[in-house]
Amino acid sequence: MRPIILDCDPGHDDAVAIMLALGNPAIDVRAITTVGGNHVVDKITANALGVLAACHDSSTPVYKGAAKPLMRPVEVAETIHGETGLGGVDLPSPLREIETDNAVSAIIRLVMESNPGELTLVATGPLTNIALAARVEPRIVERLREVVVMGGAISGGNWSACAEFNIHVDPEAAAIVFDEPWPVTMVGLDLTHQALATAQVEEKIRALDTALGSFTLDLLAFFRETYRDVEGFDDPPVHDPCTIAYLIDPTIVETIPAPVSVEWRGELTRGMTVVDRRAQAAQAHTRVATRLDHERFFDLVVEAISTLSHRKDNAHV
């Protein structure tokens with residue numbers, strides 16, 4: 001199993017990432033840490049607890065993290081994710097309390113307690129917690145196996161003409177994370193815009209005929225509506241679980257080596273990820289995702305939902 005810490009801001013696609021991580025036997029979720037992003041940190045922390053309850057998971061600890069970016073005011077994606085950060089669903093009551101420790105301290109402790117090269121950090125929200133952890137305890141940089149980031153793009157953006165949301169809202173944190181010498185894989189919009197939840201995908205989920213499947217369909221229905229209205233997509237791109245799929249099977253999410261720098265000074269280019277695809281980039285400590293196997297990716301998602309649903313059924317035997 002691949003042990004991970006999932007640093008997230010649920011968020012509809014974060015919720016699907018949680019399901020995929022919990023429902024696939026290749027992934028061992030040691031902790032979920034939350035960061036202000038898609039909505040304010042209190043709301044998205046409640047969402048994380050609610051998603052875990054929907055998955056009938058009472059064992060995964062949740063740690064609340066940074067409420068605001070390192071140097072910027074709070075900026076949320078309410079137009080996409082609704083006023084709760086997880087619009088369109090009724091979340092069940094949490095099965096456990098939030099941990100008393102904060103996310104940054106928890107990340108540092110879990111990394112330092114693990115064997116060198118064992119833990120992977122998966123970040124599907126702004127990179128504030130991870131940047132803070134690296135600054136507070138620099139030794140985690142050499143102990144981590146990899147940092148996998150949903151964010152950025154080789155070209156273009158979704159929150160501005162040239163920047164993706166997670167990088168745009170805290171570009172200083174992103175610059176810290178990409179500049180550290182740990183291995184970083186950027187799963188950006190070039191890849192995640194291939195992860196479209198089509199009608200065929202929804203039919204596979206509907207065929208499961210489970211409560212968690214219905215929960216997922218409600219998530220996707222709300223996500224579909226806001227993405228159509230705000231971004232002009234017919235089908236919503238399910239960004240965040242692409243990071244988990246990459247860890248499960250790297251042939252599903254193809255990557256190339258390339259240096260990545262984050263622009264945090266520019267007035268028009270704030271949050272832009274500058275990807276160098278020239279020949280000498282082969283020795284970079286960063287990789288960039290380029291191509292998704294759509295069918296195999298969503299097969300993983302559907303299988304994880306089925307697995308979690310059956311765990312629930314077994315619990316009632």
Side-chain angles (χ1 to χ4, degrees), residues 1-10 14 17-18 20-22 24-37 41 44-45 48-49 52 57 59-67 69-70 96 98-152 166-167 170 172-187 240-248 250 255 260 262 284-287:
M1 298 179 74
R2 183 80 174 260
I4 71 168
I5 299 171
L6 179 55
D7 189 73
C8 57
D9 59 339
D14 303 80
I18 291 171
L20 180 55
L22 294 176
N24 190 284
I27 302 297
D28 174 17
V29 183
R30 298 283 176 88
I32 290 175
T33 54
T34 63
V35 61
V41 72
I44 60 92
T45 303
L49 292 169
L52 287 175
D57 183 299
S59 61
T60 302
V62 176
Y63 300 87
K64 183 168 70 172
L70 295 182
R96 62 180 296 152
I98 187 175
E99 302 298 311
T100 55
D101 204 0
N102 68 76
V104 174
S105 296
I107 290 170
I108 293 170
R109 174 177 57 79
L110 290 168
V111 173
M112 296 306 296
E113 289 176 352
S114 66
N115 295 321
E118 179 184 9
L119 261 180
T120 294
L121 266 176
V122 180
T124 61
L127 296 173
T128 317
N129 288 338
I130 298 175
L132 287 169
R135 285 296 190 258
V136 171
E137 179 47 271
R139 290 180 296 170
I140 70 169
V141 174
E142 62 184 19
R143 292 184 70 88
L144 275 168
R145 177 172 176 175
E146 186 177 5
V147 179
V148 182
V149 174
M150 190 282 117
N166 288 337
I167 309 300
D170 197 345
E172 288 82 8
I176 290 171
V177 171
F178 279 96
D179 286 348
E180 290 289 355
W182 47 23
V184 179
T185 298
M186 184 181 90
V187 182
D240 294 338
C242 295
T243 58
I244 306 299
Y246 163 75
L247 296 177
I248 295 168
T255 65
V260 179
V262 178
H285 72 279
T286 48
R287 302 187 67 87

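The basis for the numbers below is simple: all heavy atoms, side chains too, and nothing from hydrogens, waters or symmetry mates. For reference, positions follow the sequence shown, starting with 1.
- Once rounded to the nearest 0.5 Å, the distance linking CG of L6 with OG1 of T120 reads 12.0 Å.
- In terms of heavy-atom proximity, T34 sits nearest to K64 at OG1-CA, 3.2 Å.
- Every residue two or more places apart in sequence or in another chain that forms a side-chain hydrogen bond (donor to acceptor under 3.5 Å, both in side chains) with N102 is listed here: S105.
- Of all non-hydrogen atoms in L20 and A245, the two that sit nearest each other are CD2-N, 3.9 Å.
- When atom types are taken as modelled, the side chain of D7 and the backbone of V35 share no donor-acceptor pair closer than 3.5 angstrom.
- Counting only distance, with no hydrogens or angles, the side chain of R139 and the backbone of M112 share no donor-acceptor pair below 3.5 Å.
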Worksheet item: Hey, mind stepping through V260 and V184 against side-chain contact (heavy atoms from CB on, under 4.5 Å) and telling me if it holds?
Response: CA-CA 9 Å; V260 179; V184 179; over 6 Å; no
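- T124 is linked by a side-chain hydrogen bond (donor to acceptor under 3.5 Å, both in side chains) to D14, counting only residues two or more places apart in sequence or in another chain.
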Quiz: residues 175-183 side-chain donor-acceptor pairs under 3.5 angstrom, not counting sequence neighbours:
unit_1	atom_1	unit_2	atom_2	d
E180	OE2	R135	NH1	2.9
W182	NE1	V177	O	2.8

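- No side-chain heavy atom of T286 sits under 4.5 Å from any side-chain heavy atom of M186.
- Taking A17 as the reference, D240, P241, I244 meet the side chain to side chain contact (heavy atoms under 4.5 Å, CB included) condition, with sequence neighbours excluded.
- By the side-chain hydrogen bond (donor to acceptor under 3.5 Å, both in side chains) test, E99 is found to be paired with R96, residues two or more places apart in sequence or in another chain being considered.
- In this structure, the side-chain hydrogen bond (donor to acceptor under 3.5 Å, both in side chains) partners of Y246, at least two apart in sequence or on a different chain, are E146, T185.
- For residues 111-134, every residue pair satisfying the salt bridge (charged side-chain N to carboxylate O under 4.0 Å, His left out) rule, not counting sequence neighbours, is listed here: R30-E118, R109-E113.
- Put simply, the side chain of N129 gets close to the backbone of A66: a donor and an acceptor are under 3.5 Å apart.
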Practice prompt. Could you check T128 against D170 for side-chain hydrogen bond (donor to acceptor under 3.5 Å, both in side chains), going step by step and ending with a plain yes or no?
Written response: CA-CA 7 Å; T128 317; D170 197 345; 2.7 Å; yes
Fill in: Full working for side-chain contact (heavy atoms from CB on, under 4.5 Å) between V29 and I4
CA-CA 5 Å; V29 183; I4 71 168; 4.3 Å; yes
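- With sequence neighbours excluded, the residues satisfying side chain to side chain contact (heavy atoms under 4.5 Å, CB included) with A133 are V104, I107, I108, I140.
- To the nearest 0.5 Å, atom CG of residue L52 and atom OG1 of residue T60 are 5.5 Å apart.
- For A26, the side chain to side chain contact (heavy atoms under 4.5 Å, CB included) criterion is met by N24, I248, not counting sequence neighbours.
- Contact check for L127 versus I167: side-chain heavy atoms found under the 4.5 Å cut-off.
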